[in-house]
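Heads up: numbering here begins at 1 and tracks the sequence.
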Amino acid sequence: MNARGIRLRLVAEGDREALYRIAQDPESNEMAKVFPRSRASFDAHWDRVRVDPDVIARVIECDGELVGSISSFVVEGEHNIGYWVDRGHWGKGIMSAALGLFLREVTIRPMTAIVAQSNVGSRRVLEKCGFVKVGERESAETERFMACVEVVYRLD
């Protein structure tokens with residue numbers, strides 16, 4: 001735990017309800033430009049996450065309360081990072097602190113992050129933690145993601 005009461009821990013089976021609730025927030029989904037998963041899809045996703053050796057997933061806690069999650073995963077041979085924090089905790093520096101902790105624990109480099117251009121808060125978190133913008137691209141709508149302009153960040 002750091003001085004701000006933020007810590008990362010392994011994801012436990014009992015965390016699913018809180019993680020699902022956090023992931024259903026309409027404003028959070030709009031900001032991230034994702035469509036929320038159904039409960040069945042959410043559970044299947046976490047079933048895969050928990051057994052995939054290429055995924056490193058942690059729960060984010062603030063003063064003992066589960067407030068989000070963060071993970072590293074491989075897409076097309078590249079190590080990516082993704083995170084989600086409960087909207088009630090936005091703007092408190094929790095995500096920046098959690099990402100900093102995660103990057104000290106997970107030292108795989110390079111690390112890629114892809115974020116909607118309009119998601120200014122997430123872009124600021126990445127930049128505070130040393131990620132550098134390396135490009136932008138148009139992203140078509142899929143079953144999971146809304147069409148948007150994505151910004152690609154990299155940490156070497």
Set of residues satisfying ring pair (Phe, Tyr, Trp, His ring centres under 6.0 Å) with respect to Phe145, sequence neighbours excluded = none

key: Sequence neighbours excluded - salt bridge (charged side-chain N to carboxylate O under 4.0 Å, His left out) pairs with any residue from residues 119-133   = Lys133-Glu136

ask   = So which heavy atom on Val55 is nearest to which on Ser71, and how close?
value = CG1-CB, 4.5 Å

N-O pairing of Arg109 and Asp156 below 4.0 Å = no

message = Test salt bridge (charged side-chain N to carboxylate O under 4.0 Å, His left out) on Arg7 and Asp63; report intermediate values, then the result.
response = CA-CA 8 Å; Arg7 77 175 193 126; Asp63 297 326; over 6 Å; no

message = I'd like to check Leu103 versus Leu101 (side-chain heavy atoms, cut-off strictly below 4.5 Å). Are they in contact?
response = no

inquiry  = I'd like to know if Ile56 and Tyr83 are part of one continuous hydrophobic network [Ile/Leu/Val/Met/Phe/Trp/Tyr, side-chain heavy atoms within less than 4.5 Å].
reply    = yes

ask   = Does CD belonging to Glu143 count more than 12 external heavy atoms closer than 6.0 Å?
value = no

request  = Would you check if the side chain of Gln24 reaches a backbone N or O of Arg37 as a donor-acceptor pair within less than 3.5 Å?
outcome  = yes

key: Minimum heavy-atom distance Asn119-Val115, with the two atoms named   = CB-CG2, 3.8 Å

key: Heavy-atom pair of closest approach, residues Val85 and His89   = CG2-CB, 4.3 Å

Sole candidate of Asp15, Leu10, Leu8 that passes side chain to side chain contact (heavy atoms under 4.5 Å, CB included) when paired with Val59 = Asp15

ask   = Is Phe73 reachable from Val11 through a run of hydrophobic residues whose side-chain heavy atoms are each under 4.5 Å from the next?
value = yes

ask   = Between Ile114 and Asn80, does a side-chain contact (heavy atoms from CB on, under 4.5 Å) hold up when you go through it step by step?
value = CA-CA 8 Å; Ile114 300 169; Asn80 285 253; 4.0 Å; yes

remark   = What one should report as the nearest heavy-atom pair of Cys62 and Ile94 is SG-CD1, 3.9 Å

query = So, are Arg39 and Glu17 salt-bridged, with charged N and O less than 4.0 Å apart?
reply = yes

message = Assess whether a salt bridge exists between Asp86 and Arg21, defined as any Lys/Arg side-chain N lying under 4.0 Å from an Asp/Glu carboxylate O.
response = yes

note = All heavy atoms of Pro110 vs all of His79, minimum pair found to be O-CB, 3.8 Å

Aromatic Phe102 / basic Arg58 pairing, under 6.0 angstrom, 45° off normal = no

remark   = Heavy atoms of Ala23 and Asn29 approach each other most closely as O-ND2, 2.9 Å

